[in-house]
Amino acid sequence: MEWYTVLMLIFGALILVLATGLPVAFCFLLLNIIGSYLLWGGAGGLAQMVHSIYTSVSSFTMLPVLMFVLMGEILFHSGLAFNAVNVVNKWLGRVPGRLCLVTIGAGTLFSSLSGSSMGTTAMLGTTMLPEMKRNGYSYDIGIGSCMSGGLAMIIPPSALAVVLASICQISVGKILVGGIIPGFFLAIMYCIYIVGRCVLNPSLAPRQNQSEETITIKEKITFTIIHFVPLATIIFLVVGLIFLGIATPTESSALGALSSLLIAGCSGKLNKTVIHETVSGTLKIISMMFMILAGSLAFSQILAYSGATAGLVEFTSSLNVPPVVILLIMQGVILVLGTFMEPVAIMMISMPIFLPVVKNLGFSEIWFALITLISMEISMKTPPFGFLLFVMKAIVPPEVTMMNIYKATLPFIIIDIIGILLIMTFPQIALWLPSLM
(Lines give C-alpha, C1' and ligand atoms only; values in the text may rest on other atoms or scores of the structure.)
Protein backbone atom coordinates (compact mmCIF):
# COMPACT_ATOMS: atom_id res chain seq x y z
CA MET A 1 0.00 0.00 0.00
CA GLU A 2 1.36 3.42 -0.97
CA TRP A 3 2.30 5.87 1.80
CA TYR A 4 -0.24 8.47 0.72
CA THR A 5 -3.01 5.86 0.88
CA VAL A 6 -2.03 4.98 4.44
CA LEU A 7 -1.86 8.67 5.37
CA MET A 8 -5.31 9.33 3.90
CA LEU A 9 -6.77 6.30 5.69
CA ILE A 10 -5.32 7.39 9.05
CA PHE A 11 -6.55 10.96 8.78
CA GLY A 12 -9.85 9.92 7.27
CA ALA A 13 -10.45 7.65 10.24
CA LEU A 14 -9.41 10.45 12.60
CA ILE A 15 -11.83 12.95 11.06
CA LEU A 16 -14.60 10.35 11.12
CA VAL A 17 -14.07 9.64 14.82
CA LEU A 18 -13.83 13.35 15.66
CA ALA A 19 -17.13 13.92 13.85
CA THR A 20 -18.88 11.62 16.34
CA GLY A 21 -18.31 14.19 19.09
CA LEU A 22 -16.03 11.92 21.10
CA PRO A 23 -13.47 13.92 23.16
CA VAL A 24 -10.21 14.47 21.29
CA ALA A 25 -8.15 12.44 23.78
CA PHE A 26 -10.34 9.37 23.33
CA CYS A 27 -10.38 9.79 19.54
CA PHE A 28 -6.59 9.48 19.46
CA LEU A 29 -6.64 6.63 21.95
CA LEU A 30 -9.11 4.67 19.80
CA LEU A 31 -7.08 5.34 16.65
CA ASN A 32 -3.85 4.31 18.41
CA ILE A 33 -5.42 1.04 19.61
CA ILE A 34 -6.62 0.11 16.12
CA GLY A 35 -3.38 1.22 14.44
CA SER A 36 -1.07 -0.51 16.89
CA TYR A 37 -3.07 -3.74 16.69
CA LEU A 38 -3.09 -3.81 12.88
CA LEU A 39 0.43 -2.49 12.22
CA TRP A 40 2.39 -3.76 15.22
CA GLY A 41 1.26 -7.36 15.35
CA GLY A 42 -1.79 -7.72 17.57
CA ALA A 43 -1.31 -8.02 21.33
CA GLY A 44 2.38 -7.13 21.13
CA GLY A 45 1.45 -3.89 19.39
CA LEU A 46 -1.02 -3.01 22.13
CA ALA A 47 1.70 -3.56 24.74
CA GLN A 48 4.00 -1.24 22.77
CA MET A 49 1.24 1.39 22.64
CA VAL A 50 0.79 1.25 26.43
CA HIS A 51 4.55 1.68 26.85
CA SER A 52 4.50 4.69 24.49
CA ILE A 53 1.66 6.32 26.44
CA TYR A 54 3.49 5.80 29.72
CA THR A 55 6.69 7.24 28.25
CA SER A 56 4.96 10.35 26.92
CA VAL A 57 3.28 11.35 30.20
CA SER A 58 6.06 10.29 32.58
CA SER A 59 8.76 12.27 30.80
CA PHE A 60 10.75 14.55 33.12
CA THR A 61 10.45 17.35 30.55
CA MET A 62 6.68 17.50 31.19
CA LEU A 63 7.06 18.49 34.85
CA PRO A 64 7.29 22.26 34.06
CA VAL A 65 3.77 22.09 32.57
CA LEU A 66 2.32 21.13 35.95
CA MET A 67 4.34 23.81 37.75
CA PHE A 68 3.45 26.56 35.27
CA VAL A 69 -0.26 25.78 35.51
CA LEU A 70 -0.10 25.61 39.31
CA MET A 71 1.73 28.94 39.42
CA GLY A 72 -0.85 30.57 37.16
CA GLU A 73 -3.78 29.24 39.16
CA ILE A 74 -2.29 30.59 42.40
CA LEU A 75 -1.74 34.06 40.92
CA PHE A 76 -5.15 34.08 39.26
CA HIS A 77 -7.32 32.93 42.16
CA SER A 78 -5.40 34.92 44.80
CA GLY A 79 -5.91 38.14 42.83
CA LEU A 80 -2.17 38.93 42.62
CA ALA A 81 -2.28 38.98 38.83
CA PHE A 82 -5.21 41.43 38.84
CA ASN A 83 -3.24 43.77 41.11
CA ALA A 84 -0.37 43.80 38.61
CA VAL A 85 -2.76 44.71 35.81
CA ASN A 86 -4.15 47.52 37.96
CA VAL A 87 -0.63 48.92 38.29
CA VAL A 88 -0.35 49.16 34.51
CA ASN A 89 -3.75 50.82 34.39
CA LYS A 90 -2.67 53.54 36.84
CA TRP A 91 0.58 54.29 34.98
CA LEU A 92 -1.06 54.64 31.56
CA GLY A 93 -3.25 57.55 32.71
CA ARG A 94 -4.87 59.30 29.74
CA VAL A 95 -3.11 57.40 26.92
CA PRO A 96 -5.50 56.96 23.94
CA GLY A 97 -7.24 53.59 24.15
CA ARG A 98 -5.96 53.04 27.68
CA LEU A 99 -8.50 50.35 28.61
CA CYS A 100 -7.72 48.43 25.40
CA LEU A 101 -4.00 48.53 26.24
CA VAL A 102 -4.74 47.32 29.76
CA THR A 103 -6.85 44.52 28.29
CA ILE A 104 -4.00 43.39 26.02
CA GLY A 105 -1.63 43.40 28.99
CA ALA A 106 -4.10 41.45 31.10
CA GLY A 107 -4.73 38.95 28.31
CA THR A 108 -1.02 38.38 27.82
CA LEU A 109 -0.48 37.87 31.54
CA PHE A 110 -3.49 35.70 32.36
CA SER A 111 -3.31 33.54 29.25
CA SER A 112 0.36 32.71 29.75
CA LEU A 113 -0.31 31.84 33.38
CA SER A 114 -3.53 29.88 32.98
CA GLY A 115 -2.78 28.07 29.72
CA SER A 116 -6.37 28.52 28.52
CA SER A 117 -6.94 31.04 25.73
CA MET A 118 -10.70 30.43 25.79
CA GLY A 119 -10.88 30.92 29.56
CA THR A 120 -8.81 34.10 29.35
CA THR A 121 -10.95 35.51 26.53
CA ALA A 122 -14.11 34.80 28.51
CA MET A 123 -12.62 36.47 31.59
CA LEU A 124 -11.54 39.58 29.65
CA GLY A 125 -14.90 39.83 27.92
CA THR A 126 -16.88 39.67 31.16
CA THR A 127 -14.61 42.04 33.15
CA MET A 128 -13.18 44.55 30.65
CA LEU A 129 -15.90 44.96 28.00
CA PRO A 130 -18.51 46.36 30.44
CA GLU A 131 -15.92 48.84 31.72
CA MET A 132 -15.05 49.89 28.16
CA LYS A 133 -18.71 50.35 27.33
CA ARG A 134 -19.23 52.43 30.47
CA ASN A 135 -16.42 54.72 29.30
CA GLY A 136 -17.92 55.09 25.83
CA TYR A 137 -15.60 52.70 23.96
CA SER A 138 -16.74 51.22 20.67
CA TYR A 139 -17.21 47.46 20.52
CA ASP A 140 -15.29 47.67 17.25
CA ILE A 141 -12.02 48.19 19.13
CA GLY A 142 -12.92 46.69 22.51
CA ILE A 143 -13.73 43.20 21.25
CA GLY A 144 -10.49 42.96 19.28
CA SER A 145 -8.36 43.76 22.32
CA CYS A 146 -10.20 41.10 24.36
CA MET A 147 -9.40 38.54 21.65
CA SER A 148 -5.67 39.09 22.11
CA GLY A 149 -5.42 36.73 25.08
CA GLY A 150 -4.14 33.88 22.92
CA LEU A 151 -0.90 35.81 22.35
CA ALA A 152 0.51 34.38 25.56
CA MET A 153 0.88 30.95 23.95
CA ILE A 154 4.23 32.45 22.97
CA ILE A 155 5.33 34.65 25.88
CA PRO A 156 6.88 32.60 28.71
CA PRO A 157 6.09 31.05 31.05
CA SER A 158 3.89 29.15 28.61
CA ALA A 159 2.70 25.63 29.37
CA LEU A 160 1.79 25.10 25.70
CA ALA A 161 5.36 25.89 24.67
CA VAL A 162 6.60 23.17 27.04
CA VAL A 163 4.11 20.68 25.58
CA LEU A 164 5.22 21.56 22.05
CA ALA A 165 8.88 21.16 23.01
CA SER A 166 8.13 17.75 24.50
CA ILE A 167 6.27 16.58 21.39
CA CYS A 168 9.02 17.88 19.09
CA GLN A 169 11.80 16.62 21.38
CA ILE A 170 13.54 20.02 21.40
CA SER A 171 14.99 22.18 24.17
CA VAL A 172 12.31 23.43 26.57
CA GLY A 173 14.53 26.27 27.76
CA LYS A 174 15.28 27.55 24.28
CA ILE A 175 11.68 27.57 23.11
CA LEU A 176 10.63 29.42 26.28
CA VAL A 177 13.37 32.05 25.96
CA GLY A 178 12.86 32.24 22.19
CA GLY A 179 9.24 33.30 22.67
CA ILE A 180 10.12 36.48 24.56
CA ILE A 181 10.98 38.78 21.63
CA PRO A 182 8.30 37.51 19.15
CA GLY A 183 5.60 37.64 21.85
CA PHE A 184 6.34 41.16 23.01
CA PHE A 185 6.95 42.24 19.42
CA LEU A 186 3.37 41.25 18.53
CA ALA A 187 1.99 42.81 21.72
CA ILE A 188 3.72 46.11 20.87
CA MET A 189 2.28 45.98 17.35
CA TYR A 190 -1.20 45.54 18.86
CA CYS A 191 -0.67 48.55 21.12
CA ILE A 192 0.65 50.73 18.27
CA TYR A 193 -2.41 49.86 16.22
CA ILE A 194 -4.80 50.70 19.04
CA VAL A 195 -3.14 54.01 19.93
CA GLY A 196 -2.86 55.00 16.26
CA ARG A 197 -6.46 54.18 15.51
CA CYS A 198 -7.72 55.99 18.62
CA VAL A 199 -5.69 59.09 17.67
CA LEU A 200 -7.14 59.07 14.15
CA ASN A 201 -10.67 58.36 15.38
CA PRO A 202 -11.05 59.57 19.01
CA SER A 203 -14.73 58.59 19.06
CA LEU A 204 -13.70 54.92 19.32
CA ALA A 205 -12.26 55.48 22.80
CA PRO A 206 -13.30 58.79 24.43
CA ARG A 207 -10.69 60.10 26.83
CA GLN A 208 -12.77 62.40 29.03
CA ASN A 209 -13.81 59.63 31.42
CA GLN A 210 -10.66 57.56 31.31
CA SER A 211 -9.07 59.00 34.45
CA GLU A 212 -11.52 59.43 37.28
CA GLU A 213 -8.93 59.82 40.01
CA THR A 214 -5.70 61.76 40.31
CA ILE A 215 -2.77 59.66 41.47
CA THR A 216 0.61 61.14 42.37
CA ILE A 217 3.90 59.72 41.13
CA LYS A 218 4.75 58.67 44.68
CA GLU A 219 1.53 56.69 44.97
CA LYS A 220 2.15 55.03 41.59
CA ILE A 221 5.68 54.00 42.62
CA THR A 222 4.46 52.65 45.94
CA PHE A 223 1.67 50.71 44.24
CA THR A 224 4.17 49.30 41.74
CA ILE A 225 6.57 48.13 44.45
CA ILE A 226 3.79 46.47 46.42
CA HIS A 227 1.90 44.78 43.60
CA PHE A 228 4.08 44.57 40.48
CA VAL A 229 7.61 43.87 41.74
CA PRO A 230 6.65 40.53 43.36
CA LEU A 231 5.13 39.32 40.09
CA ALA A 232 8.19 40.51 38.14
CA THR A 233 10.36 38.56 40.60
CA ILE A 234 8.39 35.39 39.88
CA ILE A 235 8.79 35.87 36.13
CA PHE A 236 12.55 36.38 36.58
CA LEU A 237 12.82 33.19 38.60
CA VAL A 238 11.14 31.32 35.76
CA VAL A 239 12.64 32.93 32.64
CA GLY A 240 15.73 34.76 33.87
CA LEU A 241 17.32 31.77 35.58
CA ILE A 242 16.77 29.61 32.49
CA PHE A 243 18.36 32.25 30.25
CA LEU A 244 21.36 32.69 32.59
CA GLY A 245 21.87 28.92 32.74
CA ILE A 246 21.51 28.87 36.53
CA ALA A 247 18.48 26.58 36.58
CA THR A 248 16.79 24.10 34.26
CA PRO A 249 13.20 24.71 33.08
CA THR A 250 11.96 22.16 35.63
CA GLU A 251 13.83 23.83 38.50
CA SER A 252 12.72 27.32 37.43
CA SER A 253 9.08 26.28 37.13
CA ALA A 254 9.21 24.78 40.63
CA LEU A 255 10.75 28.01 41.97
CA GLY A 256 8.01 29.99 40.24
CA ALA A 257 5.25 27.89 41.80
CA LEU A 258 6.88 28.03 45.25
CA SER A 259 7.45 31.80 45.11
CA SER A 260 3.82 32.33 43.98
CA LEU A 261 2.64 30.33 46.96
CA LEU A 262 4.86 32.28 49.38
CA ILE A 263 3.88 35.69 47.99
CA ALA A 264 0.18 34.81 48.12
CA GLY A 265 0.62 33.64 51.71
CA CYS A 266 2.54 36.76 52.77
CA SER A 267 -0.13 38.94 51.14
CA GLY A 268 -2.87 37.27 53.16
CA LYS A 269 -4.53 35.96 49.99
CA LEU A 270 -3.99 32.24 50.61
CA ASN A 271 -7.21 31.05 52.22
CA LYS A 272 -9.12 27.75 51.96
CA THR A 273 -11.19 28.95 49.00
CA VAL A 274 -8.10 29.99 47.02
CA ILE A 275 -6.34 26.70 47.77
CA HIS A 276 -9.39 24.66 46.73
CA GLU A 277 -9.88 26.60 43.48
CA THR A 278 -6.16 26.45 42.71
CA VAL A 279 -5.88 22.70 43.17
CA SER A 280 -9.16 22.05 41.34
CA GLY A 281 -8.24 24.29 38.40
CA THR A 282 -4.76 22.80 38.12
CA LEU A 283 -6.05 19.23 38.09
CA LYS A 284 -8.66 20.01 35.44
CA ILE A 285 -6.19 21.71 33.08
CA ILE A 286 -3.41 19.16 33.57
CA SER A 287 -5.77 16.20 33.15
CA MET A 288 -7.08 17.61 29.86
CA MET A 289 -3.60 18.35 28.50
CA PHE A 290 -2.07 15.03 29.56
CA MET A 291 -4.99 12.97 28.26
CA ILE A 292 -4.45 14.45 24.81
CA LEU A 293 -0.67 14.27 25.06
CA ALA A 294 -0.82 10.62 26.14
CA GLY A 295 -1.33 9.44 22.57
CA SER A 296 1.19 11.73 20.86
CA LEU A 297 4.19 9.40 20.90
CA ALA A 298 2.15 6.34 19.86
CA PHE A 299 0.51 8.33 17.05
CA SER A 300 3.92 9.50 15.83
CA GLN A 301 5.29 5.95 15.93
CA ILE A 302 2.31 4.57 14.01
CA LEU A 303 2.81 7.16 11.26
CA ALA A 304 6.52 6.37 11.10
CA TYR A 305 6.03 2.58 11.11
CA SER A 306 3.40 2.76 8.37
CA GLY A 307 5.84 4.59 6.09
CA ALA A 308 3.61 7.66 5.84
CA THR A 309 6.13 9.99 7.48
CA ALA A 310 9.05 8.83 5.34
CA GLY A 311 6.92 9.02 2.21
CA LEU A 312 5.81 12.56 2.97
CA VAL A 313 9.41 13.68 3.63
CA GLU A 314 10.56 12.17 0.35
CA PHE A 315 7.64 13.75 -1.51
CA THR A 316 8.30 17.25 -0.17
CA SER A 317 12.01 16.89 -0.93
CA SER A 318 11.20 16.15 -4.57
CA LEU A 319 8.93 19.17 -5.01
CA ASN A 320 10.39 21.82 -7.28
CA VAL A 321 9.32 24.72 -5.06
CA PRO A 322 11.23 26.89 -2.58
CA PRO A 323 11.31 25.45 0.97
CA VAL A 324 9.49 28.54 2.26
CA VAL A 325 6.44 27.58 0.16
CA ILE A 326 6.28 24.22 1.95
CA LEU A 327 6.58 26.05 5.26
CA LEU A 328 3.68 28.34 4.33
CA ILE A 329 1.55 25.33 3.39
CA MET A 330 2.24 23.80 6.81
CA GLN A 331 1.14 26.99 8.56
CA GLY A 332 -1.98 27.06 6.41
CA VAL A 333 -2.86 23.53 7.54
CA ILE A 334 -2.40 24.59 11.18
CA LEU A 335 -4.69 27.58 10.62
CA VAL A 336 -7.40 25.28 9.25
CA LEU A 337 -7.03 22.76 12.09
CA GLY A 338 -7.22 25.56 14.64
CA THR A 339 -10.73 26.48 13.61
CA PHE A 340 -12.12 23.30 15.18
CA MET A 341 -9.43 21.85 17.46
CA GLU A 342 -7.56 22.76 20.65
CA PRO A 343 -3.84 23.71 20.37
CA VAL A 344 -2.55 20.55 22.08
CA ALA A 345 -4.52 18.38 19.66
CA ILE A 346 -3.16 20.39 16.71
CA MET A 347 0.39 19.83 17.94
CA MET A 348 -0.29 16.14 18.32
CA ILE A 349 -1.64 15.76 14.79
CA SER A 350 0.75 18.00 12.87
CA MET A 351 4.14 17.79 14.56
CA PRO A 352 4.85 14.09 13.96
CA ILE A 353 4.35 14.79 10.23
CA PHE A 354 5.77 18.29 9.89
CA LEU A 355 8.90 18.02 12.01
CA PRO A 356 10.74 15.41 9.86
CA VAL A 357 10.02 17.61 6.82
CA VAL A 358 11.31 20.70 8.65
CA LYS A 359 14.53 18.90 9.60
CA ASN A 360 14.99 17.64 6.06
CA LEU A 361 14.58 21.17 4.67
CA GLY A 362 17.22 22.48 7.06
CA PHE A 363 15.01 24.84 9.11
CA SER A 364 15.62 25.47 12.81
CA GLU A 365 13.19 23.47 14.94
CA ILE A 366 13.04 26.24 17.57
CA TRP A 367 12.19 28.83 14.90
CA PHE A 368 9.55 26.56 13.36
CA ALA A 369 8.01 25.79 16.75
CA LEU A 370 7.62 29.49 17.59
CA ILE A 371 6.04 30.22 14.20
CA THR A 372 3.67 27.32 14.80
CA LEU A 373 2.63 28.75 18.19
CA ILE A 374 1.76 32.07 16.52
CA SER A 375 -0.21 30.26 13.80
CA MET A 376 -2.21 28.40 16.44
CA GLU A 377 -2.93 31.70 18.18
CA ILE A 378 -4.22 33.13 14.89
CA SER A 379 -6.34 30.07 14.15
CA MET A 380 -8.20 30.41 17.45
CA LYS A 381 -9.71 33.71 16.27
CA THR A 382 -9.93 33.22 12.51
CA PRO A 383 -13.44 33.51 10.97
CA PRO A 384 -15.74 31.79 10.55
CA PHE A 385 -15.15 28.95 13.04
CA GLY A 386 -12.39 30.10 15.42
CA PHE A 387 -13.13 29.01 19.00
CA LEU A 388 -12.51 32.46 20.48
CA LEU A 389 -15.09 34.02 18.15
CA PHE A 390 -17.86 31.87 19.61
CA VAL A 391 -16.61 32.45 23.16
CA MET A 392 -16.85 36.18 22.57
CA LYS A 393 -20.34 35.88 21.01
CA ALA A 394 -21.55 34.17 24.17
CA ILE A 395 -20.35 37.13 26.25
CA VAL A 396 -21.28 40.25 24.29
CA PRO A 397 -24.81 41.76 24.33
CA PRO A 398 -27.34 40.33 21.84
CA GLU A 399 -27.14 43.37 19.56
CA VAL A 400 -23.51 42.55 18.72
CA THR A 401 -23.55 40.20 15.73
CA MET A 402 -20.96 37.66 14.62
CA MET A 403 -20.14 39.97 11.72
CA ASN A 404 -19.28 42.72 14.24
CA ILE A 405 -16.96 40.29 16.02
CA TYR A 406 -15.31 39.26 12.72
CA LYS A 407 -14.76 42.92 11.84
CA ALA A 408 -13.24 43.73 15.24
CA THR A 409 -10.90 40.74 15.15
CA LEU A 410 -9.64 41.10 11.56
CA PRO A 411 -7.04 43.88 12.21
CA PHE A 412 -5.40 41.77 14.92
CA ILE A 413 -5.26 38.76 12.59
CA ILE A 414 -3.55 40.93 9.96
CA ILE A 415 -1.02 42.10 12.56
CA ASP A 416 -0.28 38.47 13.51
CA ILE A 417 0.26 37.53 9.86
CA ILE A 418 2.63 40.47 9.40
CA GLY A 419 4.47 39.31 12.52
CA ILE A 420 4.85 35.75 11.18
CA LEU A 421 6.14 37.01 7.83
CA LEU A 422 8.70 39.22 9.58
CA ILE A 423 9.88 36.35 11.79
CA MET A 424 10.14 34.09 8.73
CA THR A 425 12.12 36.78 6.88
CA PHE A 426 14.32 37.61 9.87
CA PRO A 427 14.72 34.37 11.90
CA GLN A 428 16.99 36.10 14.42
CA ILE A 429 13.90 37.74 15.94
CA ALA A 430 13.17 34.31 17.39
CA LEU A 431 16.67 32.81 17.54
CA TRP A 432 18.82 35.62 18.93
CA LEU A 433 18.03 35.11 22.63
CA PRO A 434 18.29 31.29 22.50
CA SER A 435 21.69 31.66 20.78
CA LEU A 436 22.97 33.56 23.83
CA MET A 437 22.05 30.76 26.23
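All values below were derived from every heavy atom in this structure, side-chain atoms included, with hydrogens, water molecules and symmetry-related copies excluded.
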Measure the spacing between OG1 of Thr372 and CE of Met351 and express it to the nearest 0.5 Å. 4.0 Å
Working to the nearest 0.5 angstrom, can you tell me the gap between Ser145 OG and Tyr193 OH? 10.0 Å
Apply side chain to side chain contact (heavy atoms under 4.5 Å, CB included) to residues Met132 and Ile141 and explain how you reach the verdict. CA-CA 10 Å; Met132 291 186 201; Ile141 195 168; over 6 Å; no
Minimum heavy-atom distance Ile334-Ser375, with the two atoms named: CG2-CB, 3.9 Å
Tell me the closest heavy-atom pair linking Leu129 and Gly142, and the distance in Å. CD2-C, 3.9 Å
Is there a side-chain contact between Ser252 and Leu237, using heavy atoms and a 4.5 Å cut-off? no
Set of salt bridge (Lys or Arg N to Asp or Glu O under 4.0 Å) partners for Lys381, sequence neighbours left out: Glu377, Asp416
Over all heavy atoms of both residues, which pair between Phe363 and Leu327 is shortest? Give the atoms and the distance, please. CE1-CB, 4.4 Å
Residues in ring-ring contact (aromatic ring centres under 6.0 Å, His included) with Tyr139, at least two apart? none
Would you say Trp367's side chain and Ile423's backbone share a donor-acceptor pair under 3.5 angstrom? yes
Met189 and Gly419: which non-hydrogen atoms are nearest, and at how many Å? CE-N, 4.4 Å
What's the spacing between Leu361 CG and Ile326 CD1 if we round to 0.5 Å? 5.0 Å
Stepwise side chain to side chain contact (heavy atoms under 4.5 Å, CB included) check, Phe354 with Val357: CA-CA 5 Å; Phe354 289 171; Val357 177; 5.7 Å; no
Just by distance, do the side chain of Ser267 and the backbone of Lys269 share a donor-acceptor pair under 3.5 Å? no
Examine distances only and state if a side-chain atom of Ser280 and a backbone atom of Glu277 form a donor-acceptor pair shorter than 3.5 Å. no
Could you measure the distance from the CG atom of Leu204 to the SG atom of Cys198? Nearest 0.5 Å is fine. 6.0 Å
Are the side chain of Tyr137 and the backbone N or O of Leu99 linked by a donor-acceptor pair below 3.5 Å? yes
Can you tell me how far the CG atom of Leu389 sits from the OG1 atom of Thr382, to the nearest 0.5 Å? 7.5 Å
Which of Ile414, Ile415, Ile420 passes side-chain contact (heavy atoms from CB on, under 4.5 Å) with Ile378? Answer is Ile420
Can you check whether Met424 reaches Leu328 side chain to side chain, under 4.5 Å on heavy atoms? yes
Can you check whether Leu70's main-chain N or O pairs, donor with acceptor, with Glu73's side chain at less than 3.5 Å? no
Gap separating the CZ atom of Phe412 from the CD1 atom of Ile194, nearest 0.5 angstrom: 4.0 Å
Donor-acceptor under 3.5 Å (Asn404 side chain, Thr401 main chain): yes
